[in-house]
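Below you will find the structure I want to go over with you.
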Number of protein chains: 2
Amino acid sequence: MNKTTTQDKILDAAEQLFASSGFADTSLRQITSMAQVNLAAVNYHFGSKKELIQSVLQRYLSVLMPRLDQEFSQLLSSQKQNDLTAVLSVFIKPLLELNKVQHHGTRMFLQLLGRGYTDVQGHLRWFFNHHYGRTLDKFVLLVQQACPDLPASEIFWRLHFSLGTVVFTMASNQALQEIAAADFNENVEIEGVIHRLIPYLAAGIASPLTLSSQAH
Amino acid sequence: MNKTTTQDKILDAAEQLFASSGFADTSLRQITSMAQVNLAAVNYHFGSKKELIQSVLQRYLSVLMPRLDQEFSQLLSSQKQNDLTAVLSVFIKPLLELNKVQHHGTRMFLQLLGRGYTDVQGHLRWFFNHHYGRTLDKFVLLVQQACPDLPASEIFWRLHFSLGTVVFTMASNQALQEIAAADFNENVEIEGVIHRLIPYLAAGIASPLTLSSQAH
DNA sequence: GTACATTTCAAACAAGTGTTTTAATTTAGT
DNA sequence: ACTAAATTAAAACACTTGTTTGAAATGTAC
């Protein structure tokens with residue numbers, strides 16, 4: 001028989017509700033009601049709502065981040081000059097493979113990421129730097145190699161501009177998909193959005209220094 | 001004597017707390033406590049928390065949006081070909097003039113905008129289209145004129161990518177400033193961030209169509 | 001099958017929220 | 001100065017939140 005444990009039923013319901021309504025606006029009662037388990041089960045199995053949120057994210061991060069780290073290392077060790085588009089494209093495959101973790105896993109994870117950054121402002125940024133700082137450093141190094149003319153501080157700002165693009169786009173994903181479908185008769189999956197994002201981000205990050213941006 | 005009314009005391013306290021903690025995470029008790037007025041004053045003067053939020057935003061929007069509309073119209077009527085950077089730069093002056101509305105008005109408003117889009121997802125987008133749709137249309141038209149090779153749907157996506165950049169950057173403004181100060185010894189005001197944003201956004205929006213972005 | 005540990009369940013708890021109520025106070029008009 | 005309207009004040013209300021409790025149920029090992 002295909003028995004899904006109480007923990008998994010909670011995780012599945014939680015990630016769906018978290019992705020579409022955000023962490024703060026999702027109550028434990030909504031989650032346990034959708035998962036068809038008792039309210040107290042969350043605190044029994046996960047300790048607290050905060051730890052439940054972390055568990056939901058970890059289910060994806062524990063798959064994604066080592067995968068990314070490996071790709072980054074590989075690209076760093078290859079001696080050829082990597083252009084920015086190639087560096088950014090490294091994300092595509094590992095992200096799409098999250099669909100194996102869970103049905104609609106890629107979209108789910110990216111929406112969760114968006115929610116995580118917009119809902120609980122400082123927390124997720126700290127969590128990332130703390131747990132995956134080494135991996136992030138490799139990525140920043142790759143970007144710096146691809147953009148040798150940009151000072152580190154400029155790259156810092158532009159990478160955070162890019163983070164904003166990704167996070168906001170993913171958090172608003174549902175609304176944007178609906179508008180695009182209504183106004184342009186086009187139905188893009190999350191994969192389509194990713195492929196639209198890469199050239200946009202690459203052009204923004206690699207944009208030449210201007211007088212006005214240097215003056216401040 | 002310089003008497004500030006109860007309404008103004010509430011608005012001043014509210015916008016500060018909203019900007020730094022978000023709308024959902026700011027309680028009326030925090031606001032009335034900081035404003036040194038009675039809790040019931042909010043509902044008496046503004047009706048509800050929701051209407052208070054709108055009032056806080058309107059104080060800036062009623063100044064900014066007509067100003068932007070005027071600039072857009074002027075640029076549309078001038079027959080010369082406008083490049084994208086010029087179109088985006090139109091925002092600079094009207095935004096910086098918000099400092100006249102209030103001390104640190106520009107930073108405050110942009111942070112509020114960021115909070116508004118990330119906190120109450122769908123709501124602010126609807127509000128904008130409903131109240132300032134005409135003005136936004138003029139802006140989109142200007143962008144389309146500056147990027148005649150891009151299909152409308154592509155411009156739609158890229159403008160929302162850009163909205164994400166702005167909104168996220170402004171919502172995270174405080175954290176980013178702190179990191180930049182610590183890691184790069186650089187202290188940029190909000191004006192510096194704006195001047196850093198423009199070339200990044202212009203490059204992203206105007207980036208050439210690629211095979212991978214068209215395929216999906 | 002008895003004993004023990006694990007898990008489920010309904011109920012209550014404590015704390016926080018926005019809003020309403022009703023009375024006291026201040027302000028303004030005549 | 002008196003009256004009526006506008007404002008302030010303290011308290012309570014109704015509701016939701018995450019969490020805890022203690023008893024019932026279930027599963028597991030010997």
Side-chain angles (χ1 to χ4, degrees), chain A residues 1-59 112 115-116 118-124 127, chain B residues 1-59 112 115-116 118-124 127:
Chain A
M1 62 180 280
N2 187 7
K3 63 168 175 184
T4 47
T5 68
T6 299
Q7 306 199 30
D8 285 335
K9 286 196 278 186
I10 292 175
L11 285 174
D12 290 344
E15 82 167 11
Q16 253 187 273
L17 291 168
F18 285 154
S20 59
S21 308
F23 298 108
D25 287 349
T26 300
S27 70
L28 295 186
R29 283 167 179 81
Q30 288 178 267
I31 296 172
T32 54
S33 156
M34 170 178 263
Q36 302 202 58
V37 300
N38 189 271
L39 169 62
V42 171
N43 292 284
Y44 177 77
H45 286 287
F46 296 93
S48 65
K49 184 182 181 181
K50 195 172 186 172
E51 288 167 285
L52 171 61
I53 294 175
Q54 291 181 344
S55 297
V56 167
L57 285 173
Q58 276 295 6
R59 203 155 54 144
L112 287 173
R115 297 297 184 180
T118 55
D119 271 26
V120 284
Q121 208 48 52
H123 189 194
L124 190 58
F127 179 86
Chain B
M1 58 181 284
N2 187 8
K3 66 168 172 182
T4 48
T5 67
T6 300
Q7 306 199 31
D8 285 335
K9 285 196 279 188
I10 292 175
L11 284 174
D12 290 345
E15 80 167 13
Q16 254 186 272
L17 292 168
F18 284 154
S20 60
S21 308
F23 298 109
D25 287 349
T26 301
S27 71
L28 295 186
R29 283 168 179 82
Q30 286 178 271
I31 296 171
T32 54
S33 157
M34 170 180 264
Q36 303 202 58
V37 300
N38 189 271
L39 168 63
V42 171
N43 293 285
Y44 177 78
H45 286 288
F46 297 93
S48 65
K49 183 181 181 182
K50 194 171 185 173
E51 288 168 286
L52 171 63
I53 295 175
Q54 291 180 345
S55 297
V56 168
L57 285 173
Q58 276 295 4
R59 201 152 59 143
L112 288 172
R115 296 298 185 180
T118 54
D119 270 26
V120 282
Q121 209 45 56
H123 189 193
L124 189 58
F127 180 85

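To find a chain, count down the sequence lines: A is the first, B the second, and so on, and within it residues start at 1.
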Exercise for the section: Return no unless some side-chain N or O of B:T6 is found under 4.0 Å from OP1 or OP2 of D:dT7. Expected result: no
Exercise for the section: Give the C-alpha distance, both sets of side-chain angles, the deciding distance and a yes or no for side-chain contact (heavy atoms from CB on, under 4.5 Å) between B:Q30 and B:S27. Expected result: CA-CA 5 Å; B:Q30 286 178 271; B:S27 71; 3.4 Å; yes
Handout entry: Whole-Å gap separating P (C:dT17) and CG (B:L39)
Key = 10 Å
Exercise for the section: Spell out, as yes or no, whether a donor-acceptor pair under 3.5 Å connects the side chain of B:K49 to the backbone of B:V42. Expected result: no
Exercise for the section: Please state whether the phosphate of D:dA6, meaning OP1 or OP2, lies under 4.0 angstrom from any side-chain nitrogen or oxygen of B:H45. Expected result: no
Completion exercise
Within residues 47-58 of chain A, the residues having a heavy atom closer than 4.0 Å to DNA chain D are A:S48, A:K49
Completion exercise
d(B:L112 CG, B:F18 CZ) to nearest 0.5 Å is 8.5 Å
Exercise for the section: Find which nucleotide of DNA chain D each of A:T26 and B:Q36 is nearest to by heavy atoms, and output the residue with the more 5' nucleotide. Expected result: B:Q36
Exercise for the section: Check the distance between D:dT8's P and B:N43's CG and give it to me in whole angstrom. Expected result: 14 Å
Exercise for the section: Decide yes or no on side-chain contact (heavy atoms from CB on, under 4.5 Å) for A:L17 and A:M34, but give the supporting numbers first. Expected result: CA-CA 9 Å; A:L17 291 168; A:M34 170 178 263; 4.0 Å; yes
Practice task
Consider only side-chain N and O atoms of A:S48 and A:E51, and report whether a donor and an acceptor are under 3.5 Å apart.
Solution key: yes
Problem - Test item: B:R29 side-chain N/O and B:L39 main-chain N/O as donor-acceptor pair under 3.5 Å - result: no
Fill in the blank from the handout: A:I10 atom CD1 is separated from C:dT7 atom C1', nearest whole Å, by 11 Å
Fill in the blank from the handout: By nearest-heavy-atom nucleotide on DNA chain C, the more 5' of A:A41 and A:R29 is A:A41
Problem - Interatomic distance where CG belongs to B:L28 and C1' belongs to C:dT20 [whole Å] - result: 13 Å
Practice task
Examine D:dT16: is either OP1 or OP2 under 4.0 Å from a nitrogen or oxygen in the side chain of A:S27? Give yes or no.
Solution key: no
Completion exercise
side-chain contact (heavy atoms from CB on, under 4.5 Å) with B:L11: of B:I31, B:T6, B:L52, only one passes, and it is B:L52
Problem - Distance, rounded to the nearest Å, where A:N38 contributes CG and C:dT8 contributes C1' - result: 6 Å
Problem - Rounded interatomic separation in angstrom, taking CZ from B:F23 and P from C:dT17 - result: 17 Å
Exercise for the section: Answer yes when B:R59 and B:D12 have at least one side-chain N-carboxylate O distance shorter than 4.0 Å, and no when they do not. Expected result: yes
Handout entry: Whether B:R115 side chain and B:A19 backbone form a donor-acceptor pair below 3.5 Å
Key = yes
Completion exercise
The correct list of stems in which DNA chain D takes part (3 or more consecutive Watson-Crick or G-U pairs, distances under 3.5 Å) is C:1-13 with D:18-30, C:15-29 with D:2-16
Completion exercise
To the nearest angstrom, the CZ-C1' distance between A:F46 and D:dT20 comes to 18 Å
Problem - Separation of atom OH in B:Y44 from atom P in D:dA6, rounded to whole Å - result: 7 Å
